[in-house]
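Notes follow the structure.
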There are 2 protein chains.
Amino acid sequence: MPTSSPPAGPVSPEVADIERALTRITYLSTRARQHERLMGLAGVPLDRAAVALLRQIADCEPQRPGELAHRLGVEPSHVTRTVQQLQKSGHVTRVPDPDDRRAQRIQLTELGRDAIARIREAGARGMQLALADWSPEELGRLATLFHRMVDDFLAYSKHIDDDREQEHEPTEAPPRGH
Amino acid sequence: MPTSSPPAGPVSPEVADIERALTRITYLSTRARQHERLMGLAGVPLDRAAVALLRQIADCEPQRPGELAHRLGVEPSHVTRTVQQLQKSGHVTRVPDPDDRRAQRIQLTELGRDAIARIREAGARGMQLALADWSPEELGRLATLFHRMVDDFLAYSKHIDDDREQEHEPTEAPPRGH
DNA sequence: TATTGTTATACTCTATAACTATA
DNA sequence: TATAGTTATAGAGTATAACAATA
């Protein structure tokens with residue numbers, strides 16, 4: 001089994017460019033300073049872990065902890081911990097899962113809903129200022145392309161995970177090819 | 001001095017959309033699992049902190065530790081620590097700064113140069129696969145817009161920092177306009 | 001027995017504070 | 001005295017491992 005797969009073909013310069021830009025902005029935007037600035041603007045005192053989780057909950061609630069962990073790409077124990085904090089601070093509540101008594105679904109409170117709205121608003125407002133020179137058409141094009149890129153990344157990532165799962169599971173059907 | 005600044009105007013839906021997509025991909029791409037996968041593909045055993053620093057060094061070498069810290073948005077002590085690791089592992093060396101004997105500039109070794117090339121290649125290759133359906137024109141448009149977005153973010157961020165500095169420093173010249 | 005979630009623990013990454021050396 | 005860097009320390013964020021409860 002070849003561990004370090006050999007180069008398989010050239011990479012387009014555009015993609016290489018995107019890769020650099022994305023890693024750069026990714027690192028910068030996850031620094032503590034940046035986070036503090038955002039929390040200051042939003043008037044919300046939450047740490048980074050809590051914000052990431054709260055965003056995910058807001059996207060589709062009520063959700064089970066396991067589902068949240070999966071979507072965020074973190075371990076379930078981390079979700080447990082962070083949910084407990086958010087519960088103490090009054091940003092989320094738990095409601096029993098009608099289908100499975102092992103689980104409890106996580107739901108935003110009014111405070112949590114308000115917090116996430118402020119955070120998103122503050123973040124978007126900062127971007128708006130940074131991109132003040134852009135025409136509405138340019139912004140629209142970027143939004144469309146970027147959104148599509150993220151969707152494709154997520155789909156590809158899911159695809160990879162499924163493949164990896166198959167490798168470890170006993171194959172039910174005989175493997176064909178490859 | 002108003003601490004929680006009141007809403008100052010509407011945010012365009014496009015920008016709000018970009019903000020969501022960016023934070024999502026940002027969080028996911030900085031998870032440990034994702035990093036391990038990348039290192040596996042690249043055949044390079046480096047932790048996240050080391051990779052971030054190595055990328056920055058590769059962008060413009062040789063650089064002083066303070067400059068690296070500034071560009072990465074981290075504290076100088078973190079750079080010190082990470083450079084020491086990279087030096088032990090043979091990815092960077094230090095050369096005396098001719099202009100300032102307090103500092104030593106950081107430079108990639110052959111191993112370091114190779115490592116960063118592999119990492120970038122592996123990252124870009126993964127993206128290429130995820131975006132396999134895109135036409136070259138679409139990729140080009142995204143690359144252009146995205147690159148410009150990142151540049152504008154950096155410029156805006158610098159602008160903010162400068163303003164903050166001025167607030168704390170005694171003004172030397174009388175402030176004119178704004 | 002398998003799945004879901006939690007508790008306990010440890011490790012990685014990064015910041016803060018105190019210190020050193022040169023400017 | 002101010003600046004650049006380092007050392008020492010601590011904290012936040014997240015993973016791993018062991019466990020409990022329900023399916």
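So that the names make sense, note that chain A is the first sequence line, chain B the second, and so on, each numbered from 1.
- Within a 6.0 Å sphere centred on CZ of A:Arg81, other residues, nucleotides and ligands contribute 12 heavy atoms or fewer.
- The side chain of B:Tyr27 contributes an N or O atom lying less than 4.0 Å from OP1 or OP2 of D:dT14.
- Rounding to whole angstrom units, NE2 of residue A:His70 and P of C:dT3 are separated by 15 Å.
- Residue A:Arg105 contributes atom CZ, which lies 12 Å from atom P of C:dT4 at whole-angstrom precision.
- A:His78 has its NE2 atom 15 Å from the P atom of C:dT7, to the nearest Å.
- Partner of B:Glu61 under the salt bridge (Lys or Arg N to Asp or Glu O under 4.0 Å) criterion, chosen from B:Arg55, B:Arg94, B:Arg113: B:Arg113.
- In terms of polar N and O atoms assigned as donor or acceptor, the side chain of A:Arg102 comes within less than 3.5 Å of the base of C:dT3 in a complementary pairing.
- Both A:Arg31 and A:Asp100 lie near DNA chain C, and the one whose nearest nucleotide falls closer to the 5' end is A:Asp100.
- Picking from D:dA23, D:dT7, C:dT7 the nucleotide with the shortest atom distance to the side chain of B:Thr80 gives D:dT7.
- Residue contacts for B:Pro65: at a heavy-atom cut-off of 4.0 Å it reaches the sugar-phosphate backbone alone, with no base atom in range.
- Rounded to an integer number of Å, the gap from CG of A:Asp99 to P of C:dG5 is 12 Å.
- A cation-pi arrangement is absent between B:Arg24 and B:Tyr27 under the rule of less than 6.0 angstrom and at most 45 degrees off the ring axis.
- Closest to the A:Ala103 side chain, of the nucleotides D:dG5, D:dG13, C:dG5, is C:dG5.
- At the phosphate of C:dA23, OP1 or OP2 sits under 4.0 Å from a side-chain N or O atom of B:Arg101.
- At the heavy-atom level, A:Gln104 lies nowhere under 4.0 Å from the strands shown.
- Toward the 5' end of DNA chain C, the nearer of the two residues B:Gln85 and A:Arg81, judged by each one's closest nucleotide, is A:Arg81.
- In this structure, B:Gln87 places its CD atom 11 Å from P of D:dT7, rounding to the nearest Å.
- Summary of the strand contacts: A:Val74 and B:Ser77 both lie near DNA chain D, and taking for each the nucleotide with the nearest heavy atom, the more 5' one is attributed to B:Ser77.
- Between the P atom of D:dT3 and the CG atom of B:Asp97 lies a distance of 17 Å, rounded to the nearest Å.
- Here CD1 of A:Ile18 is found 9.5 Å from CD of B:Gln128. Values are rounded to the nearest 0.5 Å.
- Rounding to the nearest 0.5 Å places CZ of A:Arg48 at 10.0 Å from OG1 of B:Thr30.
- Between A:Glu36 atom CD and D:dA12 atom P there is a gap of 11 Å when expressed in whole angstrom units.
- Residue B:Arg94 is in sugar-phosphate contact alone, with no base atom involved, counting any heavy-atom pair closer than 4.0 Å across all strands shown.
- At whole-Å resolution of the value, CG in B:Leu68 and P in C:dT14 are 14 Å apart.
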